[in-house]
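Let me begin by presenting the structure, written as structure tokens, before commenting on it.
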Amino acid sequence: MRGHGSKPVPVGVRRRGVERLTPLLVAVLASGCMMIGPDYQRPAAPLAAGWLARDADGIAPSSEPIGPWWESFGDPVLTNLIVEAYEQNPSLHAAGVRVLEAQARRGIAIGTLFPQSQNAVGGYRRTVASENLSVAPPDRSFDQFLLGFDVAWELDLWGKFRRGIESSDAELLASVADYDDVLVSLLGEVAANYIGIRTAQEELHVARSNAELQRKSYDIARRRAQEGAVTDVDPAQSATLLHATEAQIPGFEARIDEQAATLSALLGVPPRRVEEILGDRPTEIPSPPERIAVGLPADLLRRRPDVRRAERLLAAQSAQIGIAKADLLPHFSLVGSINLDAEDAAKFFEGRSFEAFGGPTFSWAILNYGRITNNVRVQDARYQALVNDYTTAVLRAQADVESALAAHRGALLRTASLRESVAAAEKVVDLVGRQYAEGAVDFTTVLLAQQLLVQQQDLLAASRGQE
């Protein structure tokens with residue numbers, strides 16, 4: 001305690017006290033390298049030796065993609081959208097700020113290795129004592145001036161604070177992986193919406209082209225009916241098909257507007273019309289590369305940000321077990337205070353105003369009624385749960401890639417077949433159209449041919465978008 005009136009300690013007593021404390025301090029400092037709790041090791045993950053793709057020709061052997069994946073489409077509009085989303089998306093910026101927060105938390109954890117309490121103190125106090133006390137003080141009123149420095153340092157004997165830094169390091173890397181996960185999802189959604197718009201534009205173009213073709217067929221059927229060459233059934237059937245095709249056009253336009261609004265949000269801007277985002281002239285659906293670099297399943301542990309995040313959270317929780325176990329052992333601290341304390345301001349900086357105390361202390365929660373032990377069990381249970389979360393993330397990552405490879409292969413084969421089907425349907429429509437104009441076939445043949453063409457062209461555009 002500070003204050004005046006304390007008696008000085010004899011030099012011999014102080015020397016003997018220091019001699020007794022020296023072995024204790026040496027033992028305390030020598031044991032500072034001990035670390036309580038498990039040393040983290042990444043658990044084994046259930047990994048397949050290779051992919052199950054039926055056609056391995058479309059998979060590149062390289063484990064690393066060549067350049068940014070969106071550049072493989074060769075579409076400058078898509079590249080510009082990717083850059084704009086990276087610069088402006090608020091969700092990505094929020095994830096970046098969380099990384100800065102994790103860095104600051106790591107700095108706080110590092111600070112625990114140094115004296116936890118370092119306070120400069122000072123003050124002035126004017127005291128006036130009562131005259132009605134049973135024992136009146138010699139001086140009824142006096143001043144007190146105080147200036148000092150207090151320090152308290154809990155030594156990290158059992159690695160509690162170092163485990164805290166270990167946990168903060170892992171949490172920082174988890175936040176970086178979370179940022180990468182947001183980035184990957186964002187860029188994927190931008191590309192998916194862009195390709196969705198291009199697909200809908202292609203389907204809209206197909207619908208308008210077919211409507212124009214069917215309108216010509218309707219004119220032919222109506223003219224032939226007026227001439228008495230056919231009944232009114234032919235123009236009625238033609239009009240039915242024409243109006244059904246025209247009815248698809250508003251749906252495609254609405255889908256384009258919806259995806260343009262979603263794309264605007266991803267870009268971090270208010271809703272815009274598709275012409276403002278992509279330009280006035282629609283282009284074709286981007287073509288994917290012939291081969292895709294996927295590497296081996298083991299590469300997912302490094303490349304998938306969701307897997308990295310799950311693994312880093314697991315490492316952070318492992319350190320929490322050591323922090324909890326450290327509370328089972330005594331805590332040793334060094335405390336001290338240096339002060340100038342005087343009643344007279346003129347004598348404040350004299351040597352006689354100097355006072356100090358310091359020494360080691362310890363505390364040990366020996367009667368904790370199982371609270372600390374149960375806290376260790378809580379932290380261990382959380383760790384075991386995160387082990388299963390990590391395993392789930394690894395399995396889900398492999399399933400995602402397998403599903404994507406299978407879907408991509410199916411889209412490639414389906415697109416190739418549909419291209420041939422559309423070419424054949426176009427040839428049939430042209431042929432039966434001329435035959436109908438000459439009266440060689442009835443309109444039902446024309447109707448079926450045009451219906452098949454509309455269906456196959458629509459399927460082709462959708463398949464190219466899925467591819």
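This structure is a prediction, so every number in the text was calculated from the model and none was measured.
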Regarding [X] and [Y], does a basic nitrogen lie under 4.0 Å from an acidic carboxylate oxygen?
X	Y	answer
Arg222	Asp219	yes
Glu202	Arg198	no
Glu166	Arg163	yes
Glu253	Arg208	yes
Arg434	Asp430	yes
Arg224	Glu227	no
Glu171	Arg106	no
Glu467	Arg414	no

Practice task
Assess Arg309 against Tyr390: is NZ or CZ under 6.0 Å from the centre of the six-membered ring, and within 45 degrees of the ring's axis?
Solution key: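 Not satisfied by the 6.0 Å and 45° rule.
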
Donor-acceptor under 3.5 Å ([X] side chain, [Y] main chain):
X	Y	answer
Ser264	Arg272	yes
Gln398	Ala48	yes
Ser417	Leu413	yes
Thr391	Val387	yes
Arg105	Ser168	no
Thr199	Ile195	yes
Asp458	Val454	no
Gln317	Arg382	no
Ser185	Val182	no
Arg162	Met34	yes

Which atom of [X] lies closest to which atom of [Y], heavy atoms considered:
X	Y	value
Asp442	Thr445	OD1-OG1, 3.0 Å
Arg308	Arg302	NH1-O, 2.9 Å
Ala324	Ile372	O-CG2, 3.7 Å
Val151	Pro115	CG2-CB, 3.7 Å

Minimum side-chain heavy-atom gap [X]-[Y] below 4.5 Å:
X	Y	value
Asp327	Lys160	yes
Trp158	Asp156	no
Tyr383	Tyr40	yes
Glu84	Glu87	no
Phe73	Thr79	no

Residue [X] excluded, over 12 heavy atoms near [atom1] under 6.0 Å:
X	atom1	result
Glu420	CD	no
Glu212	CD	yes
Asp232	CG	no
Phe362	CZ	no
His205	NE2	no
Tyr86	OH	no

Exercise for the section: Tell me, with the steps shown, if Tyr179 and Asp181 meet side chain to side chain contact (heavy atoms under 4.5 Å, CB included). Expected result: CA-CA 5 Å; Tyr179 173 86; Asp181 195 19; over 6 Å; no

Between [X] and [Y], do the side chains contain an N or O donor and an N or O acceptor separated by less than 3.5 Å?
X	Y	value
Ser238	Ser217	no
Asn368	Arg371	no
Asp234	Tyr436	yes
Gln379	Asn375	yes
Gln248	Glu203	no
Asp169	Ser167	no
Ser337	Asp150	yes
Gln450	Asn210	no

Exercise for the section: Give the C-alpha distance, both sets of side-chain angles, the deciding distance and a yes or no for side chain to side chain contact (heavy atoms under 4.5 Å, CB included) between Leu186 and Glu189. Expected result: CA-CA 5 Å; Leu186 169 65; Glu189 289 182 26; 5.7 Å; no

Problem - Candidate pair Tyr194 and Leu278, rule side chain to side chain contact (heavy atoms under 4.5 Å, CB included), full reasoning - result: CA-CA 9 Å; Tyr194 171 71; Leu278 308 182; 3.7 Å; yes

Practice task
Pick out which of Leu300, Leu52, Asp299 makes a side-chain contact (heavy atoms from CB on, under 4.5 Å) with Val401.
Solution key: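 The single option meeting the side-chain contact (heavy atoms from CB on, under 4.5 Å) with Val401 is Leu300.
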
Exercise for the section: Could you check Leu187 against Trp70 for side chain to side chain contact (heavy atoms under 4.5 Å, CB included), going step by step and ending with a plain yes or no? Expected result: CA-CA 9 Å; Leu187 302 188; Trp70 54 89; 3.6 Å; yes

